[in-house]
Amino acid sequence: MTELETPFRYDAAFADGIERKWQAWWQESGSFIMRNPGDAGFDASKPKFYVLDMFPYPSGAGLHVGHPVGYIGTDIAARAKRMQGFNVLHPMGWDAFGLPAEQYAVQTGVHPRLTTSSAIETFRKQLKRFGFSYDWSREFATIDPEYVRFTQWIWLQCWNAWYDESARKARPISQLMQQFESGARRVELPNNISKLWSECDASEQRQAIDNMRLTYLGEQLVNWCPKLGTVLANEEVIDGKSERGGFPVMRQPLKQWMFRITKYAQRLLNDLQLVDWPESTRTQQAEWIGRSEGAEIYFAVHAGNDVAAIAPEKLGVFTTRPDTLFGATYMVVAPEHALVKFAVAHANPAAQKELSDYVAASRRRSDIDRQSQSKTKTGVFTGLFAVNPATGANIPIWTADYVLLNYGTGAIMAVPAHDPRDHEFAKAFNLPIRVVVLPPHDAGENKIASASHGGASETEATYVQDGIATASSNAEVSLDGLTTSAAKEKIIAWLDQRSIGKKRVNYRLRDWLFSRQRYWGEPFPVVFAPDGLPYAISESALPVRLPELEDFKPTESDTPRPLLGKAVAWINTTAGAAGVSAADLPPQTPVKREANTMPNWAGSCWYYLRFCDPKNTTRFVSTEAQKYWMGERGVDLYVGGSEHAVLHLLYARFWHKVLFDLGHVTTPEPFAKLFHQGMITSFAYQRADGSLAPADTVQEISDGVFTEKSTGQSVKQVIAKMSKSLKNVVNPDDVIANFGADTFRLYEMSMGPLEASKPWNTRDIAGSFRFLQRAWRLAVDERTGELLLAAKCDAALEKLLHRASKKVGEDIERLAFNTAIATLIEVVNAATRSTTLASTADGGLTRDQLIRFVKLLAPFAPHFAEEIWHKLGCAEALSTASWPTVDTTLLIDDEIELAVQLCGKVKTRLLVPSTADANAIEKMALADPKVIEMLAGKTPKKIIVVPGRLVNIVA
RNA sequence: GCGGGUGUGGCGGAAUUGGCAGACGCGCUGGAUUUAGGUUCCAGUGGGCUUAAACCCGUGCAGGUUCGAUUCCUGUCACCCGCACCA
């Protein structure tokens, strides 16, 4: 048949036509606009379902085929839930502050606002072509002034709050003031001084309050690249050089805004039990928070005989193994530790140089490098000694970069016999190793006769597990013979009694560094008075807007400075002009604005709340909208990449909990159910030497055999990330142009499980396209465009369709879209076969069957389904139709086929009535001729009957 | 280094709770339709040995538990993701 004869054939052009038609119709009729409670047309009788994508950062390159995977998944869920009678909130927006736009501005001078808004245009246009059922009326970008205003407002909530340890929640700072003023709480000042509020001067009072706020200024090390004039992420630093340009990078201290997220460590850990998240993600968060129980122990420090200086205060360490205190033969402090500065100041010239060289060198290494065991341990003796409080021994204090300043106290007691890192270090520097724990069985037999002191070669391996303490006693305390847990308790009690240590819970989680030295981020609503103290800008003066910059090029500098520092006129203002309350500072006071900006996380920490009520100009979200859409447990389905498993998801939970404590939101957790979609990878071709050949230089000469065109060398097909250099990037626009959006949606959902990473294979798209073409031919006459409907209902087909209804519904619920689509394909294939095999025109689907089939297909291929739906004479949108119900009586078979196994191997099959019980099945199996033959007269030892599945005869 | 994960035909994958390994798609083979190609339809397609049946082997590798293991356990190999200023 020629194309002229089949004007209604489902090809790419035809698909394009109907897709654009229905997209326009959905938009005009507002099909997916969701009203809020209180609005006209809102149906309060329906339950709510909030399904959310992790919103994208709109990059200049546009959408790639990896973006839509999650979006198609949430759209299927949203469309199915709508048909199942839910009010569905399904919004989309833009995470629009970010580094790429700023870096582009540095290179070209084009304002990030322009770059960003054109990227948003592109993304929006591309997303709309997929026919997603987003409520576009709720769209916003994190750079919108109204959104920035409330992002700053939330920061002010943290500024105006403190964490009440006894109530285990954040409370307004005004309540702290009341406690101070009433004398219920004393002011804790440095050096263990405590005073009444009334005894403090103004500056002490101010300090007392500032030290309690949820956001505070802290000094942190950053990777500063003087040449680029910018701070770099760890991943942008390679071997102490900047990734771009290869310029030296130094770790420099910088005063920056921090969040006291560590106060929430325990709650962030506990509340992981409240959410329906992938187990791996909850584990990753728990590991990140890293709770460990142990002890803090204080070691007296002295400077050695040849250093005539007064030793500094005691050196505190955190250890999870206080029971090994007797085995602590040396100490290690981080190179940035204050004790190292003291050591440098008091060392002789040669040692001084060695120490400062080491500190300088470690500044150039990243934390990951520093902890990496593959690289040999390095370190330098500080010239200082500590006294092991248990043994009384003088033990040397070293500095080494495998100890990190920001974990624990930045210092450790080294127990080389029982910690692999300490062991390796001790071997490298010939430090003593002292065994103080024995494996339980060895302790009993007393295999190790002497566990006393010795050189580094005493033991080859470290024993890290729990065991029995040995060689651990002094005049006051003995741990010998105790199990590790008993020994821990006993030594902590002893340390506590002597006031040289105490029980402590430590978290790996660190306070959250929230300042960036960038332009393209939210300004902080804070200024600095001439005395250097920060003052908040009042809520009524928000948003604080970014100043315009002519030139975005950073300035070369040896010390870190924010890019916004260039906006001199903006930075220097008065308290009144900036919007500081006159109660805090007189309006004419000259002040400097904060030149740091917030990180990208700020916008993504609360966008899910804004979607509930995006146009609100008086509040970040109305109480009513927040209550309705967040409900009891928050967002009902949140889909995004697993690369966000820790940071974004932890930060958003933290903000949410602060807002919860302060009464602004009503759920303890933001996201009830979380799902990670997998990455779309691509094929690449590996040469014999392991290098990768670009995809366009390779040909497939036979099944699975590939050669490089130019050389004829055989190459191996492997899976790799999509990258420009490998020429294996796929543009979704091209795919849609060739097959249509419905085919694209089906293809990406049928590639495999939503959570798995899967290689894109353009060749396979044909399968999804053919499925739609088949389905179309089944329902529509390609010559006339008329519906093809069976007059009679085929019983087998009806049963199949019924089972498919059940299966598709269940699969959508568990986001197993690949198997749902396979089921739909089976229906179409069976129905097609029925038409070609039928002698009369009776094959195919009846009107009623087609209606049900189209409803099942609607979430996956919405344009296709809508087209047939309207051909069936339905005037309302398919999204308003109800989901097919399942008649359970049609799911039961009269007879079931069971597998019959002999010793676990399938030998034959048996048809039994579905009502037969285990006894009856056993009898039938034993009466089966094949079974009799196989048993050959032997009596079965055991017969296992699994109803509905199999019979296993053990002979 | 620390933390999380994945390995099944030529390829993507299915097997939801320990119960018939390979659903569905791609590719390939044969047939029908067609002047031919394409399209469409029908059938076949894990490997070995076979005319066929039957049988044997088979879920990265080596063990273990079990009547029964892709699934649980131990060890091992390979690959992927995250690591706090990329988003």
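Letters A, B, ... are given to chains in the order of the sequence lines, protein chains preceding strands, and every chain is numbered from 1.
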Applying the 3.5 Å cut-off to both distances, the Watson-Crick or G-U partner of B:C41 turns out to be B:G31
Here the distance between atom P of B:G25 and atom CG of A:Asn818, to the nearest Å, is 13 Å
Checking B:G4, B:U40, B:G13 against the side chain of A:Gln773 (C-beta onward), the nearest is B:U40
**Asked** When all nucleic acid strands are considered with a 4.0 Å heavy-atom cut-off, which category describes A:His644: base, sugar-phosphate, or nothing?
**Response** base
_Using OP1 and OP2 only, check whether a side-chain N or O of A:Lys942 sits under 4.0 Å from B:C67._
yes
Taking NZ, NE, NH1 and NH2 as the nitrogens, is one of them in A:Glu782 or A:Arg9 under 4.0 Å from a carboxylate oxygen of the other?
yes
Ranking B:G19, B:U40, B:C42 by distance to the side chain of A:Arg833, first place goes to B:C42
request  = Report which part of the nucleic acid A:Gln517 touches: base, sugar-phosphate, or nothing (heavy-atom distance under 4.0 Å, all strands).
outcome  = base
Closest to the side chain of A:Val222, out of B:A23, B:G5, B:C85, is B:C85
Side-chain contact check for A:Lys905: nearest option of B:C24, B:C57, B:G4 is B:C57
Between CE of A:Met258 and P of B:C85 the distance, given in whole Å, is 9 Å
When all nucleic acid strands are considered with a 4.0 Å heavy-atom cut-off, which category describes A:Pro759: base, sugar-phosphate, or nothing?
sugar-phosphate
query = Between the side-chain atoms of A:Glu287 and the base atoms of B:C2, is any donor-acceptor pair under 3.5 Å?
reply = no
**Same-atom distance (C1') from B:A62 to B:A78, integer angstrom** = 15 Å
Practice problem: State whether A:Trp224 and A:Arg251 meet the cation-pi test: NZ (Lys) or CZ (Arg) under 6.0 Å from the six-membered ring centroid, and within 45° of the perpendicular axis. | Solution: no
Would you measure the distance from the P atom in B:C28 across to the matching atom in B:G37 and give it in whole Å?
15 Å
Practice problem: For A:Leu647, answer base if it contacts any base atom (sugar-phosphate contacts may also be present), sugar-phosphate if it contacts only those atoms, and nothing otherwise; contact means non-hydrogen atoms under 4.0 Å. | Solution: base
ask   = On a whole-Å scale, what distance lies between the P atoms belonging to B:U65 and B:C56?
value = 23 Å
Testing B:A23, B:A84, B:G4 for proximity to the side chain of A:Tyr651, the answer is B:A84
Answer for the Watson-Crick or wobble partner of B:G1, both distances under 3.5 Å, is B:C83
Side-chain atoms of A:Lys907 come closest, of B:C56, B:U16, B:C24, to B:C56
Classify A:Asn600 by what it touches in the nucleic acid, base, sugar-phosphate, or nothing, heavy-atom distance under 4.0 Å. sugar-phosphate
message = Mind checking if A:Lys941 touches a base, just sugar-phosphate, or nothing, with heavy atoms under 4.0 Å?
response = nothing
Pairing partner of B:A54, by Watson-Crick or G-U wobble and under 3.5 Å for both distances, is none
Of A:Leu902, A:Leu926, A:Val931, the one forming a side chain to side chain contact (heavy atoms under 4.5 Å, CB included) with A:Pro940 is A:Leu926
(Q) By the 4.0 Å heavy-atom rule, please label A:Ser757 as base, sugar-phosphate, or nothing. (A) sugar-phosphate
query = Can you find a pair of side-chain heavy atoms, one from A:Tyr747 and one from A:Val735, that are under 4.5 Å apart?
reply = no
Separation of B:C24 atom C1' from A:Leu800 atom CG, nearest Å, is 13 Å
Which of B:G13, B:A84, B:A21 is nearest the side chain of A:Arg510? It is B:A84
Between CD of A:Glu755 and P of B:G13 the distance, given in whole Å, is 11 Å
Here the distance between atom P of B:C26 and atom CD1 of A:Ile821, to the nearest Å, is 13 Å
Under-4.0 Å salt bridge between A:Arg814 and A:Glu810
no
| task | Classify the nucleic acid contact of A:Val231 as base, sugar-phosphate or nothing, counting any heavy atom under 4.0 Å across all strands shown. | result | base
Answer with base, sugar-phosphate or nothing: what part of the nucleic acid does A:Ile944 contact at a heavy-atom distance below 4.0 Å? base
Given the options A:Trp760, A:Phe769, A:Tyr71, A:Phe744 meets ring-ring contact (aromatic ring centres under 6.0 Å, His included) only with A:Trp760
Any strand, both distances under 3.5 Å, Watson-Crick or G-U wobble: B:U66 pairs with none
* Asked: Mind checking the P distance from B:G7 to B:A14? Whole angstroms is fine.
  -> 9 Å
Original post:
For A:Gln256, which contact category applies under a 4.0 Å heavy-atom criterion: base, sugar-phosphate, or nothing?
Top reply: base
As its Watson-Crick or G-U partner within any shown strand, both distances under 3.5 Å, B:A23 has none
A:Asn952 has its side chain closest, among B:A87, B:G19, B:G5, to B:G19
- [ ] Give A:Leu513 one of three labels, base, sugar-phosphate or nothing, depending on what nucleic acid heavy atoms sit under 4.0 Å from its own.
- [x] base
Q.
Work out how far the C1' atom of B:G63 is from that of B:G48, and round it to whole angstrom.
A. 26 Å
- Query: Using the C1' atom in both, what is the distance from B:C49 to B:A43, to the nearest Å?
  - Reply: 24 Å
Taken to the nearest whole Å, CZ/A:Arg814 to C1'/B:A15 is 10 Å
Worksheet item: Under a 4.0 Å N-O cut-off, is there an ion pair linking A:Glu279 with A:Arg282?
Response: yes
From the candidates B:C26, B:A14, B:A21, the one with an atom nearest any side-chain atom of A:Pro753 is B:A14
Per atom distances to the A:Thr819 side chain, the nearest of B:C24, B:A14, B:G4 is B:A14
- Task: Establish, with yes or no, whether the OP1 or OP2 oxygen of B:C41 is under 4.0 angstrom from a side-chain nitrogen or oxygen of A:Arg774.
- Result: yes
Comparing nearest nucleotides in RNA chain B, the 5'-proximal residue of the pair A:Val954, A:Glu279 is A:Glu279
Review point. Is there a side-chain polar atom (N or O) of A:Arg770 under 4.0 Å from OP1 or OP2 of B:G27?
Key: yes
Rounded to whole Å, the NE2-C1' distance (A:His676 to B:G5) equals 11 Å
*Closer than 4.0 Å, any side-chain N/O of A:Asn829 to the OP1 or OP2 of B:G25?*
yes
Whole-Å distance, A:Leu772 CG to B:U40 C1', equals 16 Å
Inter-nucleotide P distance (B:G75, B:C85), Å rounded
35 Å
Is the gap between the ring centers of A:Trp94 and A:Phe55 under 6.0 Å? no
### Message
Please classify the nucleic acid contact of A:Leu950 as base, sugar-phosphate, or nothing, using heavy-atom distances under 4.0 Å.
### Response
base
Can you say whether a donor on the side chain of A:Arg518 sits under 3.5 Å from an acceptor on the base of B:C85, or the other way round?
yes
Under 4.0 Å between any heavy atoms, over every strand shown, what does A:Arg777 touch: base, sugar-phosphate, or nothing? Just pick one.
sugar-phosphate
Exercise for the section: Determine yes or no for a side-chain-to-main-chain donor-acceptor pair under 3.5 angstrom, with A:Asp811 supplying the side chain and A:Ala820 the backbone. Expected result: yes
